[in-house]
Colleague: 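Got a structure for you, written out below as structure tokens; questions coming shortly.
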There are 2 protein chains.
Amino acid sequence: MNPMTAAQRTTPADRPQLGLRERKKIKTREAIRAATYGLIKEQGYDATTIDQIAERAEVSPSTVFRYFPTKEDIVLTDEYDALIMEELSARPADEPWPESIRYVMHRALALGAKDDIEVSRLRSRLTVEVPAVRSRMMESMSVTGRMLCQAIGERTGLDPESVEVRVYAMSLVGGLMEASLYWAERGHTDDFPELIDRTLDVLQHGLPQRNS
Amino acid sequence: MNPMTAAQRTTPADRPQLGLRERKKIKTREAIRAATYGLIKEQGYDATTIDQIAERAEVSPSTVFRYFPTKEDIVLTDEYDALIMEELSARPADEPWPESIRYVMHRALALGAKDDIEVSRLRSRLTVEVPAVRSRMMESMSVTGRMLCQAIGERTGLDPESVEVRVYAMSLVGGLMEASLYWAERGHTDDFPELIDRTLDVLQHGLPQRNS
DNA sequence: ACATCTTTTGACAGCTACTCTCATTTCATG
DNA sequence: CATGAAATGAGAGTAGCTGTCAAAAGATGT
């Protein structure tokens, strides 16, 4: 969803070719994020104001809003969307859908594990605890759903705008989101990859035992 | 989600047995809603302020907030949750799940059709167009999901707190929501009951043609 | 009908997320 | 180094939302 994600992820590689301006932008962006995470850890989400964030990041409040449209956006980055789509389009065209999804999810998990685990968990905790954050998360979910529709369209030849594809994509995304909520709710104690597997099983074959 | 729904729906029946106080409360509630819908139709959602709503409803702004926690809540009522759950628990215990869901959805549709169609469409249009409203809608979706988990637990004997059940419920609710978004996006031109059928088909059997 | 108690309301103050404008500073370019 | 473009900061303003407190209105008992 956020275009700057790529820039962050590839920081080490292309820093030299970026102008001073671009480098500064990335820096302030990260400064704002760091300040936010720090303050939230100390005082909680609601108690943390934009002014405090601005002060700690050593920028003006105006600048904070220039970088992030809302407070929730500071904590939420879906670097995953682009990542998933990329991996997905790289799968062989004849691979069955559920297979592709399963593979890609595990792959995204593996890559995500490299990120700062502290931050990642704080983020998912906030997703559970702060309504506004969860809300925004769900918004981004529907964006992910749309992208999935495209991918599904390309692979299956079905109309990406049809109810069928859209419903399928949404139920997939919704299910996966619920799984990660479940994981966060229980304090990240479960094995997440396994959780994802069980989730995909349900989405593919319905509930276990006596039904559908 | 909102407890007062039942009161509204059954207004004709039990008005006599309600005290003057209760009757007034219902009245102001409806006045606030009516004012809101009117103003939104005239000026759009964002341009409509709480003060304007209060003025037209002839109450103070404080009172508006006493009746509705947020502005979005004024336009969104999910009278459907309770309704669906009720119908659902009334189904025979040995009926297969997908059958029950299908029946109940159609039933809810039939009952919903009795409501003011103007308002109902305005509401779903806002759900598509105004991010904040859609957001709130999604929030309520997860509440619905939780209730579904309960129902599923009772019917199947599965643990309502298990990932499986929760994922299943969420994907169901998410899919249905997407269907109604789809419907609203295309100007309510499609046949909604048929759309629901196609949706449930996808959720049950996956995408048509060559896949899972 | 009156007094008392409880609930509901309105007025007001206050906080904060967020927007917009404009002058100033900072980097890029020839 | 001069000129142009982009980023920043300062400030004012809007609106959603919260909390408090005193006044008004309905409920209740005698």
Side-chain angles (χ1 to χ4, degrees), chain A residues 3-4 7 14-33 35-36 39-40 43-76 126 130-137 139, chain B residues 3-4 7 15-33 35-36 39-40 43-76 126 130-136 139:
Chain A
M4 86 300 159
D14 49 21
R15 178 170 294 165
Q17 47 177 309
L18 285 177
L20 175 55
R21 227 164 215 170
E22 309 297 321
R23 267 178 288 152
K24 269 206 161 182
K25 280 215 274 184
I26 293 177
K27 253 192 178 168
T28 61
R29 203 185 189 88
E30 282 173 357
I32 293 173
R33 273 242 171 72
T36 305
L39 285 166
I40 289 181
Q43 331 170 331
Y45 182 85
D46 288 327
T48 301
T49 72
I50 299 284
D51 286 344
Q52 290 175 333
I53 294 172
E55 193 181 359
R56 182 169 295 195
E58 293 182 301
V59 293
S60 80
S62 322
T63 301
V64 175
F65 284 114
R66 267 197 204 87
Y67 279 82
F68 301 95
T70 73
K71 189 176 158 190
E72 301 92 60
D73 280 295
I74 307 181
V75 299
L76 287 178
L126 290 174
V130 183
V133 174
R134 181 175 47 237
S135 226
R136 198 99 184 88
M137 181 78 177
E139 273 288 308
Chain B
M4 86 301 161
R15 178 172 292 165
Q17 48 178 306
L18 286 177
L20 176 54
R21 232 166 212 168
E22 309 296 322
R23 268 178 288 152
K24 269 208 162 181
K25 280 216 272 186
I26 294 176
K27 252 192 179 170
T28 61
R29 204 184 189 89
E30 281 172 357
I32 293 173
R33 274 241 170 72
T36 306
L39 285 166
I40 289 180
Q43 332 170 330
Y45 182 85
D46 288 327
T48 301
T49 73
I50 298 283
D51 286 343
Q52 289 175 334
I53 294 172
E55 191 180 0
R56 182 169 297 194
E58 293 182 300
V59 294
S60 80
S62 323
T63 301
V64 175
F65 284 114
R66 269 198 204 89
Y67 279 83
F68 301 95
T70 73
K71 189 176 158 190
E72 300 93 60
D73 280 296
I74 307 180
V75 300
L76 288 178
L126 290 175
V130 183
V133 174
R134 181 174 47 237
S135 229
R136 198 97 185 90
E139 273 289 308

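All chains are named by letter (A, B, ...) in the order of the sequence lines, taking the proteins before the strands, and each is independently numbered beginning at 1. Model, not experiment: these values are computed from the prediction. Quick note: numbers below take in every heavy atom, side chains included, and nothing from hydrogens, waters or symmetry partners.
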Colleague: Using whole Å, what does the distance between atom P of nucleotide dC17(D) and atom CZ of Phe65(B) come to?
Modeller: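 My rounded result for the distance is 5 Å.
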Colleague: Please report the distance, rounded to the nearest Å, between CD1 in Ile32(A) and C1' in dA7(D).
Modeller: 12 Å
Colleague: Send over the distance from Glu22(B) CD to dT8(C) C1', rounded to a whole Å.
Modeller: 11 Å
Colleague: Please name all residues satisfying side-chain hydrogen bond (donor to acceptor under 3.5 Å, both in side chains) with Glu22(A), sequence neighbours left out, ordered by chain then number.
Modeller: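 For Glu22(A), no residue satisfies side-chain hydrogen bond (donor to acceptor under 3.5 Å, both in side chains) once neighbours in sequence are set aside.
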Colleague: Starting from P on dA17(C), measure out to CD1 on Ile53(A) and report it in whole angstrom.
Modeller: 8 Å
Colleague: Checking Ser62(B) now: which residues fulfil side-chain hydrogen bond (donor to acceptor under 3.5 Å, both in side chains) with it, not counting sequence neighbours?
Modeller: none
Colleague: What side-chain donor-acceptor pairs closer than 3.5 Å can you find for residues 50-59 of chain B, not counting sequence neighbours?
Modeller:
{"unit_1": "Gln52(B)", "atom_1": "OE1", "unit_2": "Thr49(B)", "atom_2": "N", "d": "3.1"}
{"unit_1": "Arg56(B)", "atom_1": "NH1", "unit_2": "Glu42(B)", "atom_2": "OE2", "d": "3.1"}
{"unit_1": "Arg56(B)", "atom_1": "NH2", "unit_2": "Glu42(B)", "atom_2": "OE1", "d": "3.3"}

Colleague: If the condition is side-chain hydrogen bond (donor to acceptor under 3.5 Å, both in side chains), which residues does Thr36(A) pass it with, not counting sequence neighbours?
Modeller: none
Colleague: Quick check: do Leu76(A) and Leu126(A) have side-chain heavy atoms less than 4.5 Å from each other?
Modeller: no
Colleague: Quick test of your reading: applying salt bridge (charged side-chain N to carboxylate O under 4.0 Å, His left out), list the pairs with at least one residue in residues 62-72 of chain A, sequence neighbours left out, ordered by first then second residue.
Modeller: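 Qualifying pairs: none.
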Colleague: Whole-Å distance between dA15(D) P and Gln43(B) CD?
Modeller: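 For the pair Gln43(B) CD and dA15(D) P, the rounded distance is 11 Å.
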Colleague: Take atom CD1 of Ile74(A) and atom P of dA17(C), then tell me their distance rounded to the nearest Å.
Modeller: 9 Å
Colleague: Considering only nitrogen or oxygen atoms on both sides, find all protein atoms under 3.5 Å from nucleotides 9-16 of chain C and state each distance.
Modeller:
{"unit_1": "dT9(C)", "atom_1": "OP1", "unit_2": "Tyr67(B)", "atom_2": "OH", "d": "3.0"}
{"unit_1": "dT9(C)", "atom_1": "OP2", "unit_2": "Tyr67(B)", "atom_2": "OH", "d": "3.3"}
{"unit_1": "dG10(C)", "atom_1": "OP2", "unit_2": "Ser60(B)", "atom_2": "N", "d": "3.0"}
{"unit_1": "dG10(C)", "atom_1": "OP2", "unit_2": "Ser60(B)", "atom_2": "OG", "d": "3.2"}
{"unit_1": "dG10(C)", "atom_1": "OP2", "unit_2": "Thr63(B)", "atom_2": "OG1", "d": "2.2"}
{"unit_1": "dG10(C)", "atom_1": "N7", "unit_2": "Arg66(B)", "atom_2": "NH2", "d": "3.4"}
{"unit_1": "dG10(C)", "atom_1": "O6", "unit_2": "Arg66(B)", "atom_2": "NH2", "d": "2.7"}
{"unit_1": "dA11(C)", "atom_1": "N7", "unit_2": "Ser62(B)", "atom_2": "OG", "d": "3.2"}

Colleague: Starting from C1' on dT25(C), measure out to CG on Leu20(A) and report it in whole angstrom.
Modeller: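 So the CG-C1' distance, Leu20(A) to dT25(C), works out to 14 Å.
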Colleague: How many Å lie between CG on Leu39(B) and P on dG16(D), as a whole number?
Modeller: 12 Å
